[in-house]
*Asks:* 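What follows is a structure written as structure tokens; I'll ask about it next.
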Amino acid sequence: MEFAWSNEQDAYRRRVSSFIERTLPKDWWTNYAHGIGTDAQLFYSKIFCPALAEEGLLVPQWPKEYGGADGNPWQQFILAEEMWSWNEPRGGQYMGVNWIGPALMRYGTQAQKDEHLTRIASGNVTWSQGFSEPQAGTDLAALKTRAERTNSGFKINGMKIWTSYARRADWIFLLARTGPERKSISCFLVPMTSPGIKVVPFPGLVEEGHLNEVYFDDVEVPESALVGEESKGWDVIRHALNYERVGLPRYHWARRTLDTAVAQLKKEGRFSDPIVRAAAGRIVAKCEAARLLTYLVVHQRITGEDTVDPNVQRLTAAEACLDLMSFLMEYTPDCLAGGDPMLENFYRSQIAATIAAGTYELQLDLIAQRGLGLPRGH
Ligand SMILES: Cc1cc2nc3c(=O)[nH]c(=O)nc-3n(C[C@H](O)[C@H](O)[C@H](O)COP(=O)(O)OP(=O)(O)OC[C@H]3O[C@@H](n4cnc5c(N)ncnc54)[C@H](O)[C@@H]3O)c2cc1C
């Protein structure tokens, strides 16, 4: 079995990293990448993404008819690794590119494809994801936001929480209840400028402005906002979440951050301690395990295999991140007090590594039930 990248893939990675290096501002780490979803980062993503699209690097894996290059999932993955190791200069754009766009390709009407796919492919639109509610996170089917039929479409009432990027997003991919059954949920494409939408940012550990509550008060949307069949949104969600859950190459960012921390320790003459070296070595091993598992999952996606490996991969990557956070606190604690901004960024952003896109415990549950065949608890 061959584990190395092909020459063509190596060349592709060099193309991506050289684009990033020549395009990002020199003060990227200090003035823009200070946390994910901050104003500065989102502002910059609106310059960076159209440039990336122009270079043919925003949606290379999409079909040509939607503005892509008929590339393969490996290219998409190399791109994601390089972007995450720079603290995601695409801002929230990866959502539109990685799963909202593909969900529309599969379930959208021709008019929805025409309206949205070209805009996502040009890098000129920011999406947010309106799924979670205060009592409906892991148990998403408990959501209460409802969409009631009107003469011309639907009227939406309710609220969402934890909505990343909502403050600066142009659209929201929204889940709302459209029937009495627990799973009677539908997906809607809603412009954030619609009358009746109010966004309230709230402070959190992952930098100011990233997280928001979004309120819907009699928000009217036309019939054409519905994605797929009414009350059959679950299929669309499953498709979308499948893409989201493998989408984040956290291990790549972790490796880069570890290298930076180790360089700092070496400079200060503190990396000869065998305890420090062993701790760093263990993190490298976990990152590599997460990397190989991720590649396996990408391969399974190409071959259409349905396994619990994506859940195992999420756990492994999250553990690598948690270990690195402990390492940073132990050996470079100044990173949270005016030290290296790249280390601080990693620490703050990865606080959510075991929560966002499905919690650590949920992954364990899924592995127990689907992988080991254990009975479902109560
Ligand atoms: C940084 C960040 C960004 C986010 N961005 C978005 C976004 O853009 N859009 C969006 O819709 N949501 C977003 N979320 C929300 C995220 O998807 C939820 O936080 C997550 O699904 C968990 O839901 P919850 O917070 O309601 O916790 P709960 O589901 O209430 O869980 C609380 C605790 O109970 C445990 N638990 C719950 N159910 C089980 C179970 N069956 N078995 C074992 N343990 C269980 C959980 O593991 C957790 O430890 C974001 C969250 C974070 C932290």
Side-chain angles (χ1 to χ4, degrees), residues 62-63 65-66 95-120 125-166 169-199 212-245 306 357-358:
W62 282 21
E65 60 176 313
Y66 301 128
M95 280 204 253
V97 168
N98 287 355
W99 65 262
I100 296 174
L104 290 180
M105 285 175 211
R106 173 118 173 228
Y107 295 98
T109 61
Q110 193 54 48
Q112 287 168 339
K113 290 178 189 169
D114 292 344
E115 179 175 6
H116 295 292
L117 294 179
T118 336
R119 282 159 83 191
I120 296 176
V125 61
T126 304
W127 282 82
S128 58
Q129 169 188 321
F131 289 9
S132 306
E133 296 181 11
Q135 301 306 324
T138 304
D139 185 14
L140 200 50
L143 65 85
K144 292 197 172 71
T145 295
R146 31 177 230 293
E148 283 158 346
R149 277 214 164 260
T150 61
N151 290 338
S152 57
F154 296 86
K155 188 161 69 181
I156 301 170
N157 279 287
M159 70 93 66
K160 297 287 167 181
I161 193 169
W162 305 108
T163 324
S164 305
Y165 316 113
D170 305 299
W171 288 80
I172 185 164
F173 191 94
L174 182 77
L175 300 188
R177 180 163 297 291
T178 39
E181 305 298 327
R182 191 171 137 79
K183 294 216 168 162
S184 300
I185 288 168
S186 303
C187 304
F188 295 93
L189 309 174
V190 183
M192 288 300 286
T193 48
S194 308
I197 293 188
K198 190 167 96 180
V199 179
N212 308 271
E213 293 171 351
V214 186
Y215 292 86
F216 298 83
D217 184 11
D218 284 345
V219 174
E220 304 261 3
V221 294
E223 177 82 35
S224 59
L226 177 70
V227 184
E229 281 180 59
E230 186 174 338
S231 296
K232 296 269 172 65
W234 215 245
D235 297 341
V236 185
I237 301 162
R238 205 172 294 117
H239 182 78
L241 290 182
N242 239 348
Y243 271 79
E244 189 192 28
R245 287 190 175 153
D306 183 19

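Nothing fancy with the numbering, it's 1 onward along the sequence.
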*Asks:* So does Thr126 get a backbone contact from the side chain of Asp170, meaning a donor-acceptor N/O pair under 3.5 Å?
*Replies:*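 Side chain of Asp170 to backbone of Thr126, a donor-acceptor pair under 3.5 Å: yes, one is there.
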
*Asks:* Could you pull out the closest heavy-atom pair between Gly96 and Pro102, with the gap in Å?
*Replies:*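 Result for this residue pair: O-CD, 4.1 Å.
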
*Asks:* Quick one: does Arg177's side chain have a donor or acceptor within less than 3.5 Å of a partner on Arg182's backbone?
*Replies:*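 Side chain of Arg177 to backbone of Arg182: a pair is present.
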
*Asks:* Closest heavy-atom contact between Ile100 and Trp127?
*Replies:*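 Result for this residue pair: CD1-CB, 3.5 Å.
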
*Asks:* Where do Cys187 and Val236 come nearest, in terms of heavy atoms and distance?
*Replies:*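 Here Cys187 and Val236 meet closest at SG-CB, 3.8 Å.
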
*Asks:* Could you tell me which non-hydrogen atom of Phe216 sits nearest to which non-hydrogen atom of Met159, and how far apart they are?
*Replies:*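 Shortest heavy-atom contact: CD1-CA, 4.5 Å.
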
*Asks:* Once you measure the plane-to-plane angle for Trp99 and Phe173, does it fall in the parallel (<30°), tilted (30-60°) or perpendicular (>60°) bin?
*Replies:*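 Rings of Trp99 and Phe173: perpendicular, over 60°.
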
*Asks:* After noting the C-alpha distance and the side-chain angles of Phe188 and Leu226, does the key distance pass the side-chain contact (heavy atoms from CB on, under 4.5 Å) rule?
*Replies:* CA-CA 5 Å; Phe188 295 93; Leu226 177 70; 3.8 Å; yes

*Asks:* Salt bridge or not for Lys160 and Glu133, using N-O below 4.0 Å?
*Replies:*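 Salt bridge flag = yes for Glu133 with Lys160.
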
*Asks:* Backbone N or O of Val97 within a donor-acceptor pair of the Trp62 side chain at under 3.5 Å?
*Replies:*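 Flag set: sc Trp62 to bb Val97 pair under 3.5 Å.
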
*Asks:* Sub-3.5 Å donor-acceptor pair from the side chain of Ser231 to the main-chain atoms of Ile185, do we have one?
*Replies:*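 Checking the backbone N and O of Ile185 against the side chain of Ser231, no donor-acceptor pair under 3.5 Å is found.
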
*Asks:* Could you tell me whether the side chain of Asp217 and the main chain of Gly196 form a donor-acceptor pair under 3.5 Å?
*Replies:*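 No, because the side chain of Asp217 does not come within donor-acceptor range (under 3.5 Å) of the backbone of Gly196.
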
*Asks:* Can you check side-chain contact (heavy atoms from CB on, under 4.5 Å) on Ile197 and Val214, steps first, answer last?
*Replies:* CA-CA 7 Å; Ile197 293 188; Val214 186; 3.8 Å; yes

*Asks:* Is the side chain of Gln112 donor-acceptor paired with the backbone N or O of Ser224 at a distance under 3.5 Å, no angle test?
*Replies:*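 Side chain of Gln112 to backbone of Ser224: a pair is present.
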
*Asks:* Under a 4.5 Å cut-off applied to non-hydrogen side-chain atoms, are Leu104 and Val227 in contact?
*Replies:*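 Leu104 reaches Val227 side chain to side chain.
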
*Asks:* Identify the heavy atoms of Val219 and Ser194 that sit nearest to each other, and give their distance.
*Replies:*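 Looking at all heavy atoms of both residues, the shortest contact is CG1-CB, 3.8 Å.
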
*Asks:* For Trp162 versus Ser132, what's the shortest heavy-atom pair and its separation?
*Replies:*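 Shortest heavy-atom separation between Trp162 and Ser132 comes out as CD1-CB, 4.1 Å.
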
